[in-house]
*Asks:* 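Questions regarding the structure given below will be posed in turn.
Everything quoted here is computed from the prediction, not taken from an experiment. Letters A, B, ... are given to chains in the order of the sequence lines, protein chains preceding strands, and every chain is numbered from 1. The basis for the numbers below is simple: all heavy atoms, side chains too, and nothing from hydrogens, waters or symmetry mates.
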There are 2 protein chains.
Amino acid sequence: MKNTQATIRDLALKLNISISTVSRALRGAQDVNPETKKAVLEMAQQMNYEPNKVAQSLRIKKTNTIGIVVPEIAIHFFSSVISGIQHYTSRHGYSIMICQSLESFEIEKSNIQMLVSNRVDGLLISVSSETREYQHLERLMEKKIPMVLFDRVVDSLDVSKVVVDDHDGAFKAVDYLIKTGCKRIAYIGGALTLSISNQRMKGYLDALKTNNIPVQEELMVFCNEFHDEPIVATRQLLDLPELPDAIFCMNDPVAILTLQVLKQRKIAVPDEISVVGFTNEPVSRYIEPSITTVAQPAYQMGEAAARMFIEQVENPASFKPRMETLQTELIIRNSTRRIA
Amino acid sequence: MKNTQATIRDLALKLNISISTVSRALRGAQDVNPETKKAVLEMAQQMNYEPNKVAQSLRIKKTNTIGIVVPEIAIHFFSSVISGIQHYTSRHGYSIMICQSLESFEIEKSNIQMLVSNRVDGLLISVSSETREYQHLERLMEKKIPMVLFDRVVDSLDVSKVVVDDHDGAFKAVDYLIKTGCKRIAYIGGALTLSISNQRMKGYLDALKTNNIPVQEELMVFCNEFHDEPIVATRQLLDLPELPDAIFCMNDPVAILTLQVLKQRKIAVPDEISVVGFTNEPVSRYIEPSITTVAQPAYQMGEAAARMFIEQVENPASFKPRMETLQTELIIRNSTRRIA
DNA sequence: AACCGCATTACAAACGGTTGCATGACGGTG
DNA sequence: CACCGTCATGCAACCGTTTGTAATGCGGTT
């Protein structure tokens, strides 16, 4: 943003024509003499002119920038989603501005405020695990700022969403565990305020029900964060009078911690206890034992969210919020027994 | 960017005072009556006013946005660097705009152009592996746009840089291998156009030299990408008349591929061949065997780059480009033998 | 010669802020 | 009473574009 940057006015001065003509020439308008146009383009090239998007944005009231809020960028799942978003939006001329909430509600709010202040054309958001009020999102809706929620969505809001079929993913995982002969299947989940936690738990419960296995309250534990609590949770399960024969973890990081505790206690996986994760983080493939997990199509989720967003901005009148559900895939590895 | 957003003019109208007074009140200027100020702030609150940063940026010629270009966001190392950058810059009021080059020179150029067009206050760049001309960066320097290169830097340019002591890291790794008794140590590296490849190779060579081990050309192979070529490279090494007793890989992904080939060929690690990686990706800790690797302080690198950048923008006159070198740490795991 | 239509170009007003300078009111001073 | 400094506020220009509308020139008609 230095004075070294040429402006449209500089070009006009040099060529001795008006600013508006230069502007029209640059954007290839119809009613400008081919020769003038040529001269302008050459001069632009020569003076190394770069259009000032800030001025453009102000004038046309559109920044061609989209704001993204994720809990943490360094989590593989989210950076993959972002990749997907970027792949799609960049081809439509959008830049992206990224913020991390670091799972803090306050930071999430200020992130959004900042993005709105920067007049992004819309927002793609995955809410923090701390978020349980939604006025900040409702305000966006009032202001008619296009928004798409992904992965960590808010059920009660009538906005566009892209999610994974968490219920089905969990169901498939637990159903598989049962087919391998497991009967006492435990569940380590997240706070039920998060829709995904809820869905995964329901999938777990439904799989039990479908297979006529009674639900045991003692086999269900919940964590608010996924660094320390899962360790406590696992120990709690292992201290039960009767051991579980499988543990379904709500995501891979939890599964990894669970495996560590099992290793410490010298419990054989999968012979004594099977473990299943969720997400298919790259690690889960390489860890010993490799983890059976429910793969989420992160990149595709990003693309889908981006697609919905673009539809929405290009067609604000006719667009109706909708929810898109992506399917998961159960990836069978070595932390579970084989089907007999 | 809808008409639903209140402007400073709307506030002025409502309060029946001038635009400039509102502006001054909002930014807490000195010479505005406390009461007026209070009224303005209240009205702003009430009307849900959000300053338009686009207009601000245009006027003050500063966007408080910084552009980042990385090869790929979904690589843990880079997303960690970005985390570090964001942590530091957000506290200084900067937003970040992120682009991925996907290791393509052309995309890298267009990324940079786009960011310049958006008038970011500066750029933090890690160049693509394809990049071997630097006019696009030189142009930035001519335009006096602050820039900091990190990790994948360009030696020949006189700009600020943050790197890891690749030479030392490689040296420590190879030296350790030698201390564990290895004598025929192979190296799988990247294209020497990348400064980091170069430095790591030199570290390898110097470690051999220091320990009076002759360099064998046949033990050094180079890859242009890290998905398929490392597999070929490893096989090539294993087909030598005399097997190596260690392989030093230029990064963890290569090490993982190497381990796979070794597993296929049923060669015991580390008993027959030791393997060392570089970067300390999270996977390398969990894979079997866990990989001895040279840890790079990614997050700190981001912070350092951000710090240098801020210094530069806040103090453009006195700032001199400099290079900051961060130290690595050798993390010993199970892919190498113990020191006797 | 006056007029018209057409292609091309210039003018000027926005967009939403910031900021130097002028203005006005007011109390104090000589 | 004229003058002055201070405080608070308003005016207007500006940032770099876009765009509706007016102006210009010109060849062709009547």
*Asks:* Could you check whether A:D31 gets within reach of a base, just the sugar-phosphate, or nothing at all, counting any heavy atom under 4.0 Å?
*Replies:* base
*Asks:* Tell me, do B:L123 and B:I66 make a side-chain contact under 4.5 Å, heavy atoms counted?
*Replies:* no
*Asks:* Assess whether a salt bridge exists between B:E311 and B:R307, defined as any Lys/Arg side-chain N lying under 4.0 Å from an Asp/Glu carboxylate O.
*Replies:* no
*Asks:* By nearest heavy atom, map B:A55 and B:T21 onto DNA chain D; which one lands nearer the 5' end?
*Replies:* B:T21
*Asks:* I'd like to know if A:S20 reaches the base of C:dC11 with its side chain, counting only an N/O donor and acceptor under 3.5 Å.
*Replies:* yes
*Asks:* Going through the checks in order, is the side-chain contact (heavy atoms from CB on, under 4.5 Å) test met by A:Q5 and B:I145?
*Replies:* CA-CA 10 Å; A:Q5 288 279 15; B:I145 298 178; 4.0 Å; yes
*Asks:* Rounded off to whole Å, could you give me the NZ-to-P distance for the A:K62 and D:dT17 pair?
*Replies:* 18 Å
*Asks:* Any N or O donor-acceptor pair under 3.5 Å from the base of D:dC15 to the side chain of B:S57?
*Replies:* no
*Asks:* When you measure from the side chain of A:S23, which nucleotide among D:dT9, D:dT19, C:dT9 comes out closest?
*Replies:* D:dT19
*Asks:* In whole angstrom, give the distance that lies between atom NZ of B:K53 and atom C1' of C:dC15.
*Replies:* 18 Å
*Asks:* Is any side-chain N or O of A:R24 under 3.5 Å from a base N or O of D:dG20, one able to act as donor and the other as acceptor?
*Replies:* yes
*Asks:* If I take atom CZ in residue A:R9 and atom C1' in nucleotide C:dA10, what distance separates them, rounded to the nearest angstrom?
*Replies:* 13 Å
*Asks:* Please list all pairs passing the ring pair (Phe, Tyr, Trp, His ring centres under 6.0 Å) test where one or both residues lie in residues 110-148 of chain A, with sequence neighbours left out.
*Replies:* A:F105-A:H136
*Asks:* Give a yes/no verdict on a cation-pi contact between B:R91 and B:Y88, requiring under 6.0 Å between NZ or CZ and the six-membered ring centre and an angle within 45° of the axis.
*Replies:* yes
*Asks:* Determine whether a donor-acceptor pair (one donor, one acceptor, N or O, separation below 3.5 Å) exists between the side chain of A:R119 and the base of C:dG17.
*Replies:* no
*Asks:* Counting only side-chain N and O atoms of B:Q56, is one of them less than 4.0 Å from OP1 or OP2 of C:dT18?
*Replies:* yes
*Asks:* Expressed as a whole number of angstroms, how long is the span from A:N52:CG to D:dT17:P?
*Replies:* 5 Å
*Asks:* Within this structure, what is the CZ-to-P distance between B:R59 and D:dA13, rounded to whole angstrom?
*Replies:* 13 Å
*Asks:* Measure the distance from NZ on A:K61 to C1' on C:dG17 and round it to the nearest whole Å.
*Replies:* 13 Å
*Asks:* Rounded to whole angstroms, how far apart are CG on B:L15 and P on D:dT9?
*Replies:* 11 Å
*Asks:* What contact category does A:T7 fall into here, base, sugar-phosphate, or nothing, at under 4.0 angstrom with non-hydrogen atoms?
*Replies:* sugar-phosphate
*Asks:* Answer with base, sugar-phosphate or nothing: what part of the nucleic acid does B:I19 contact at a heavy-atom distance below 4.0 Å?
*Replies:* base
*Asks:* May I have the distance from A:I17 (atom CD1) to C:dT9 (atom C1'), rounded to whole angstrom?
*Replies:* 9 Å
